[in-house]
Protein chains: 2
Amino acid sequence: MKNYELVLHQVEADLAAGRLRIGGRLPGERVLAEQLGISRPSVREAVRVLEAMGVVRTATGSGPEAGAVIVAEPVSPLTAVLRLHLATNHLPMADVVQTRLLLESWSAREAAERDLGAGELKVAAELLDRMDDAGLSPEEFHLLDAEFHVALSGLAGNVLIAAVMASLRSAIHGYVLAAVPNLLDWEATAMGLRAEHRAILAAVRGGEAERAADLVTAHIRGFYQAAQLAPFGGEGGAAEADDDRRADDQVE
Amino acid sequence: MKNYELVLHQVEADLAAGRLRIGGRLPGERVLAEQLGISRPSVREAVRVLEAMGVVRTATGSGPEAGAVIVAEPVSPLTAVLRLHLATNHLPMADVVQTRLLLESWSAREAAERDLGAGELKVAAELLDRMDDAGLSPEEFHLLDAEFHVALSGLAGNVLIAAVMASLRSAIHGYVLAAVPNLLDWEATAMGLRAEHRAILAAVRGGEAERAADLVTAHIRGFYQAAQLAPFGGEGGAAEADDDRRADDQVE
DNA sequence: CCTACCTCTGTGGTCGGACCACAGGGTAGG
DNA sequence: CCTACCCTGTGGTCCGACCACAGAGGTAGG
């Protein structure tokens, strides 16, 4: 048992037992070290891991914002894990896109069935308005695009799926941007995406669950095909898997 | 920019550029420190994070197995993130179960459609045989159960979804075990689970995609209801089962 | 009395050096 | 040739120190 794991287990136990809560603070590194009978460097390694896991946020100085504050931020660690494993090329881009399809179509269907009010849809609607600005660069556009998709996933009410979706979008953002030059006509693409977004949101608002899911599926598939990213005949930079994914051909 | 982040970015860049590969080794901590102009403790914090992210595996001693070896182990970090955030109570168990339903029913459908050979199904089949042992404790049984479900997800051929599934199972394993006493009759439950597993595998083997997905959905729902782990709103399982299986299968 | 400044204190961030346990490989001895 | 030993390099741990930062509270000035 390595020493820093003592801290991890202690913190997890304290969280589970309610001794530590969101917004609370970890004891100081020096205090923690003495409590567990280990050295401060060992404590620091554990705190770094907790920080990477999105469980604490550290800050210098004094006051309520300083120190190691307990937070619950699952998106950034998931993003980091995905990014790193994408970098190793042992996580094919095709699998990421396939996962997006599954999660987003499910989310859209679920959101449509929940009969949401205008207030809950407002955030997504405003994002679409901001995306109408013709002066946006592809990068700015895609950041808003990602926000819209993440907001849409959030409407399904499952925080885990929403977090995974947000991570997927963040992790692939760089790859998506790099693929923009593959598009034949950026302006035309943007126009198409805007219209598709409106249609998706309208379907969700109207409670048309299956239509919303189908539109989302077509929307994502269409973009990845146009950008030649993956997995529909594109090369995408990921290792070329020889397997024929039957699901990819079914709906078209 | 904190110093240890230098190492993280360096490693990610080296991975993406192919300068670091799976099976390769990171430079020694002392070397890395000097290369980046930082101290060894800072390097160590970064290595700890990478280890927690499943990117490296550290070992003492010398030889090819010693040092920080590059690996690709996405399951353990995902598991850790889920466990920690479950501990904070900001990740409802119901959402985890819902995610399981989505991923596993999709995986079962996908696996059935791939027309797998006996060799690929062998691992799962052997797990089922081992689960027939009546002398297994609930803990041993559920470990095999988890392995079976993870193996099943793996048959769909999406490493990301398989990794997420494995993480979900690991993260909730403790909670599942704690709920065993809620079951009215453990032996009867185990018999039922065995039969359901056999039916699922048979459906996958026979290419009955929709049946496999439905069986998986009912299997998971049934267990969680019996164990009183995650309440499913008020709806009955049967009526809803039809809604959950319509991810990408319009054409069928 | 009020305000502005300024020190004081506690936080994480970083550093260099030291020692330990471990495991492999080269080497001296049988 | 084989065996046992030591040497070397690895991560694991610890210590003690100093820095930058930001709030708190005292203090001097208005």
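Protein chains get the first letters and strands the later ones, always in sequence-line order, with residue 1 at the start of each.
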Establish, yes or no, whether a centroid distance under 6.0 Å links the rings of A:H142 and A:F223.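 Yes.
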
Are any non-hydrogen side-chain atoms of [X] and [Y] less than 4.5 angstrom apart?
{"X": "A:H85", "Y": "B:V55", "result": "yes"}
{"X": "B:L152", "Y": "B:S107", "result": "no"}
{"X": "A:L143", "Y": "A:H173", "result": "yes"}

Whole-Å gap separating [atom2] ([N]) and [atom1] ([X]):
{"X": "A:E34", "N": "D:dG16", "atom1": "CD", "atom2": "P", "result": "12 Å"}
{"X": "A:E45", "N": "D:dC15", "atom1": "CD", "atom2": "P", "result": "14 Å"}
{"X": "A:L36", "N": "D:dC14", "atom1": "CG", "atom2": "P", "result": "11 Å"}
{"X": "A:Y4", "N": "D:dT13", "atom1": "OH", "atom2": "C1'", "result": "14 Å"}

Hey, which of these two, A:G63 or A:S39, hits DNA chain D nearer its 5' end, going by closest nucleotide?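 The 5'-side residue here is A:S39.
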
Applying side chain to side chain contact (heavy atoms under 4.5 Å, CB included), can you list everything that pairs with B:E5, at least two apart in sequence or on another chain?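 Applying side chain to side chain contact (heavy atoms under 4.5 Å, CB included) to B:E5 gives B:M1, B:K2, B:H9.
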
With sequence neighbours left out, write down each residue that passes side chain to side chain contact (heavy atoms under 4.5 Å, CB included) with A:T60, or none if nothing qualifies.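 Applying side chain to side chain contact (heavy atoms under 4.5 Å, CB included) to A:T60 gives none.
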
Its contact letters, B for base, S for sugar-phosphate only and - for none at protein heavy atoms under 4.0 Å, make nucleotides 6-13 of chain C read ----BBBB

